[in-house]
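Every heavy atom of this structure was used, including side-chain atoms; hydrogens, water molecules and symmetry mates were not.
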Amino acid sequence: MPLDVIVTRTKHSNLEKVNLANPQFGSLISDHMFTCSFNNGQWGEAEVVPFENISMSPATLALHYGQTVFEGLKAFKMAEGSINIFRIEKHHERFNASLDRLCMPHVPKDLFVNALKKLVATDADWIPGDGGGSLYLRPIIFASEARFGVKISNQYRFIIFGGPVGNYFQEPLKVKVERKYNRAAKGGTGYAKCAGNYAGAFYPTRLAQDEGYDQVLWTDSKLNEYVEELGMMNAMFVIDGKLVTPPLSDSILDGITRDSLLKIARGENIETEERDISITELQAAFKEQRITEAFGAGTAAVVAPIAVIAIDGVDYHLPEYGSNNLMFRLKQRLGDIRTGAEADTYGWNYIVSAQA
Ligand code: COI
């Protein structure tokens, strides 16, 4: 039996006040949110309610010790009017993997799926209909117990809200190879989508931005020599005509866009390599003109082209990009699968009726 989600609709929709055409990422929030609490070892009532502020004690554990995990996924309007929540199962698996790492309770699959289904059906009119837009969905769980002793929380709050989004970045990025600060260490939380990973990235990113760069290209915490991630995305390159990306590890997020692009590329018999990429190799590939593309891959940005990579004070320029570049062709195919213009032979789409 499907888990019941009680829906209370808002009487004051904000929809008519907003413009859904390419809004800045994170600037708009749709009318409703999903909410559910975990107490005494079990999940309670599941509800979709009008989006609202929450009140909490200053002693709330999440605020002090950072037990907070989130996901980011997207819902698309399909050509025939239904809604597609892209790769919902893989997002659910990754959510639970992050929750494990932070000692937080799993979210059962039927709770995750039914919550998202009800929320997107309730806010279906918020999904941009064209131009590559989507409804970005942000599930979060945080430790809600009000007690400031250092401990694993016994209580949690699970909320999902979202908002319409368009392009994340407007221009190709200038990035700086970061050799001093690290995003994640071996044995740490780098593979989990926990808030602390992002907080720790702000300072080095701000330093890079003060030097005129947009993002940092993170390197490994031991040698500061091997590429890990790019800002808050997976890093991908085209070197010698092959699609190359660092292998997954405990310091790299198992990116769902990364996985989708690799699978689409392999389906086209494009050679792909998941292997260590050293900064020395990148330098040589630039000098020998063997690197033709560099980009970030993530749910929010999908594909973020890189124009410049600064290595130890020297700016290396990627060649001018055109629509025939591999990253744009893969992005187009991914977009076509998500909106139904291309058949979903991978089984990635989760179709929801707007009346669900
Ligand atoms: C995403 O790409 O969806 C992310 O979660 C990265 C960022 C927007 C926090």
Side-chain angles (χ1 to χ4, degrees), residues 72-80 84-91 93-94 130-134 166-169 172-173 175 217 227-231 233-249 252-277 281-282 284-286 288-307 309 318-351:
L73 68 169
K74 282 178 168 173
F76 297 85
K77 209 163 247 177
M78 305 289 277
E80 85 294 357
N84 171 25
I85 307 177
F86 187 67
R87 300 202 73 176
I88 194 168
E89 289 193 8
K90 191 150 169 70
H91 282 283
E93 282 164 21
R94 190 174 70 179
D130 50 18
S134 59
N167 296 330
Y168 195 94
F169 296 111
L173 302 174
V175 310
L217 187 59
V227 174
E228 294 249 303
E229 291 195 8
L230 167 73
M233 297 171 280
N234 293 109
M236 302 187 106
F237 305 90
V238 178
I239 301 175
D240 296 327
K242 297 175 199 160
L243 182 60
V244 187
T245 190
L248 294 178
S249 73
I252 293 185
L253 186 81
D254 182 358
I256 289 162
T257 306
R258 171 192 183 279
D259 181 73
S260 306
L261 297 178
L262 285 171
K263 289 199 165 100
I264 295 172
R266 285 178 195 136
E268 289 187 17
N269 291 325
I270 290 159
E271 237 183 288
T272 63
E273 291 179 345
E274 293 176 72
R275 61 162 175 82
D276 291 337
I277 304 163
E281 174 187 351
L282 284 186
F286 272 114
E288 293 153 19
Q289 299 183 348
R290 293 185 293 106
I291 176 167
T292 47
E293 300 179 32
F295 59 99
T299 299
V302 189
V303 157
I306 296 174
I309 301 180
L318 276 298
E320 272 296 274
Y321 295 131
S323 57
N324 211 30
N325 281 115
L326 181 62
M327 65 178 136
F328 299 128
R329 287 194 286 115
L330 295 176
K331 180 183 177 190
Q332 177 73 41
R333 285 207 48 213
L334 180 59
D336 286 349
I337 293 170
R338 301 207 273 199
T339 52
E342 179 180 327
D344 171 28
T345 53
Y346 298 96
W348 287 338
N349 292 345
Y350 183 82
I351 307 299

[X] vs [Y] side-chain heavy atoms within contact, under 4.5 Å:
X: Arg258; Y: Leu248; answer: yes
X: Arg333; Y: Glu342; answer: yes
X: Glu273; Y: Ile239; answer: no
X: His91; Y: Ile88; answer: no

Set of residues satisfying side-chain contact (heavy atoms from CB on, under 4.5 Å) with respect to [X], sequence neighbours excluded:
X: Lys331; answer: Val302, Val303
X: Leu253; answer: Arg94, Lys193, Glu229
X: Arg266; answer: Leu262, Thr272, Glu274

List the atom of [X], the atom of [Y], and the distance in Å for their closest heavy-atom pair.
X: Lys263; Y: Tyr346; value: O-OH, 3.4 Å
X: Pro246; Y: Ile252; value: CB-CD1, 3.8 Å
X: Ser323; Y: Phe328; value: O-CB, 3.8 Å
X: Thr292; Y: Pro319; value: O-CD, 3.7 Å

Residue pairs involving residues 296-307 (criterion salt bridge (charged side-chain N to carboxylate O under 4.0 Å, His left out); sequence neighbours excluded):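 Listed by first then second residue: nothing to list.
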Any salt bridge (charged side-chain N to carboxylate O under 4.0 Å, His left out) pairs touching residues 290-304, not counting sequence neighbours?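 For residues 290-304, and leaving out neighbouring residues, the salt bridge (charged side-chain N to carboxylate O under 4.0 Å, His left out) pairs sorted by first residue read Asp240-Arg290, Glu288-Arg290.
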Out of Leu330, Leu334, Asn234, which residue meets the side chain to side chain contact (heavy atoms under 4.5 Å, CB included) rule with Thr257?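 So the option named by the test is Leu334.
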Please enumerate all residues that pass side-chain hydrogen bond (donor to acceptor under 3.5 Å, both in side chains) together with Asn84, with sequence neighbours excluded.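 Only Asn349 meet the side-chain hydrogen bond (donor to acceptor under 3.5 Å, both in side chains) criterion with Asn84.
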Are more than 12 heavy atoms from other residues, nucleotides or ligands located less than 6.0 Å from atom CD of Glu268?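 Count over threshold, so yes.
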